[in-house]
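Notes to accompany the following structure.
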Amino acid sequence: MAIGKILKVSGPLVIAEGMRDANMFDVVRVSEKRLIGEIIEMHGDKASVQVYEETSGLGTGEPVESTGEPMSVELGPGLIGSIFDGIQRPLDDIMKVSGNNLARGVEVASLKRELTWKFTPVVKEKDKVVAGDIIGTVQETDVVLHKIMVPYGVEGTVEKVYEGEYHVTDTVCVIKTEKGEYNMSLMQKWPVRRGRPYAKKLSPDKPLITGQRVVDTMFPIAKGGVAAIPGPFGSGKTVTQHQLAKWAEADIVVYIGCGERGNEMTDVLNEFPELIDPHTGKSLMERTVLIANTSDMPVAAREASIYTGITIAEYFRDMGYSVALMADSTSRWAEALREMSGRLEEMPGEEGYPAYLGSRLAQFYERAGRVISLGSEGREGALSAIGAVSPPGGDISEPVSQATLRIVKVFWGLDAKLAYKRHFPAINWLTSYSLYLDLLTDWFKANVSEDWMILRGRMMGLLQEEAELDEIVKLVGMDALSASDRLKMETARSIREDFLHQLAFHEVDTYTSLEKQLLMMRLILSFHDAADKALPMGGNIEKIASLAVREQIGRFKYVEEKDINTEFAKISEEIAKQMQTTIEKEEF
């Protein structure tokens, strides 16, 4: 164990000497206050320490003690429903120790030591086990069955296994390995900067269903996929992430508030316990882990919060669960990297960000994926990562947005103009994209409908044509357009207002099943096709545009799931009937 002393303090960076025996990324305790830090650079016996707590008042000569271990998280029962800070200290336990104000140097266990959990073994004595095998389960919440797995690097024969109520540190299984006996508890540790190993990575060819129409239909994300939501202030990044956290088809949600405003994390803390999970009927917090690292907390801890979150997510992925990770926002983490890089006097890259910004972001996003986890049963798990990016002034040409775009496969570009028009989600359909579309085509054809991609393609085509026609309308007015072009404009408006616009706070419209999304597309396009046939037969575009059935199509999104087929049949009939009347009137 290396013990050195402070040589210099520069904001969250402390230079310590006498640290020759320490290693890179070791966790250290700084000064008598025992502030938590991590070694991020070594030169001879001098170590640069990134301190995850406020460093004001520290002076030269104070002790710096290395723990000899890398920054690690505790993984075991008690994670679900907890609210941690960036370095996995539970905020409720910190409050018991230091009151409402976060004190420095508080040492609390990540997983509560006083709680007991009912452990039910699934292995017997003399069974052979390898890393990743499940030895037993703990019913952590009503909806999450926590699987206790053999830690990485352990292989052998079960000598003893116990059943009953245990603390996370108690031995529940003794495994005889080549090196001797290994006492296994409910908890294991894992270094946060190292991705958890798996047996095999799978192709991302299944969609992560979210119930958000612009996402599922236009720009889908695969299970185990990576997506970015860049957008200016007020464009709805946080609400979009909340919607995805609530409704995405994921067993576990890990939500990281990285450098965001305190009131946004408060919204999450107030909302999530009250929200009823549509999949289970229980509180959403019963399958959620929250990591709160707000903008007034120490800057350096933002990096730790990102790694802590993804390590916890990987742990649940290894159990065979589908995990959705929300990082809000990676820009704040990049700002912390920029500050630390400046204090280390490294050569700056573009706009002062470190030259290694892109590789750090890539290391984070690459830990997502759909995998076969370690163990003899070959469980399939998925970790989907969705990162919000907050470019200054909404300018996505800045380095963090550009570095993120080179890595992620889905880009949901939020648009301030759409947000000001109160069009939410404000995802711009002309700038957004999904590179998973080709991989997901077969799944949509097999599981939803053969014509799903054809309908989606037609709708995207109409939206793009509308953008081109809109330029002409601005120059010469709507009257200069032909009847068929005006029809395209009307249909595109219906796609925008009736399909892409979705109310997050409406009890029915907040979530749309794939079946309902398909029927909505069919209604809008069947109206367009019927009108297209009526025009050459004497149909008047003015009358077609003002047909009463258009309002029924618009209100279809508020129809409850159980009534959609009846309502669809009724509206389809009305389209044919009302279109016929316009033609007959024109003939007279």
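Residues take their numbers from the sequence shown, with the count starting at 1.
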Side chains of Gln243 and Thr510: donor-acceptor distance under 3.5 Å anywhere? yes
Under 3.5 Å donor-acceptor, Arg496 side chain and His501 backbone: no
So is Lys246 actually on top of Tyr511's ring, under 6.0 Å and inside 45° of the axis? no
Side chains of Asp328 and Tyr255 only: does a donor on one sit below 3.5 Å from an acceptor on the other? yes
Hey, would you say the Tyr321 and His146 ring centroids sit under 6.0 Å apart? no
Rounded distance [0.5 Å steps], CZ in Phe424 versus CG in Leu503: 10.5 Å
With a 4.0 Å cut-off, would you call Arg550 and Asp498 a salt bridge? no
Can Arg370 and Ser322 be counted as having a side-chain donor-acceptor contact under 3.5 angstrom? no
Any carboxylate oxygen within less than 4.0 angstrom of a Lys/Arg side-chain nitrogen, looking at Glu466 and Arg493? no
Which heavy atom of Ala245 sits nearest a heavy atom of Arg287, and at what distance? O-NH2, 3.9 Å
Any salt bridge between Lys206 and Glu380, counting N to O under 4.0 Å? yes
Any heavy-atom pair between the side chains of Phe411 and Leu435 that's under 4.5 Å? no
Answer yes or no: is there a donor N or O on one side and an acceptor on the other, between the side chain of Gln241 and the main chain of Ile386, under 3.5 Å? yes
Hey, are Asp509 and Arg213 close enough for a salt bridge, meaning a charged N less than 4.0 Å from a carboxylate O? yes
With rounding to the nearest 0.5 angstrom, report the CG to CE distance, Asp216 to Met218. 11.5 Å
Does the side chain of Ser283 come under 3.5 Å of the side chain of Glu286 through a donor N or O and an acceptor N or O? no
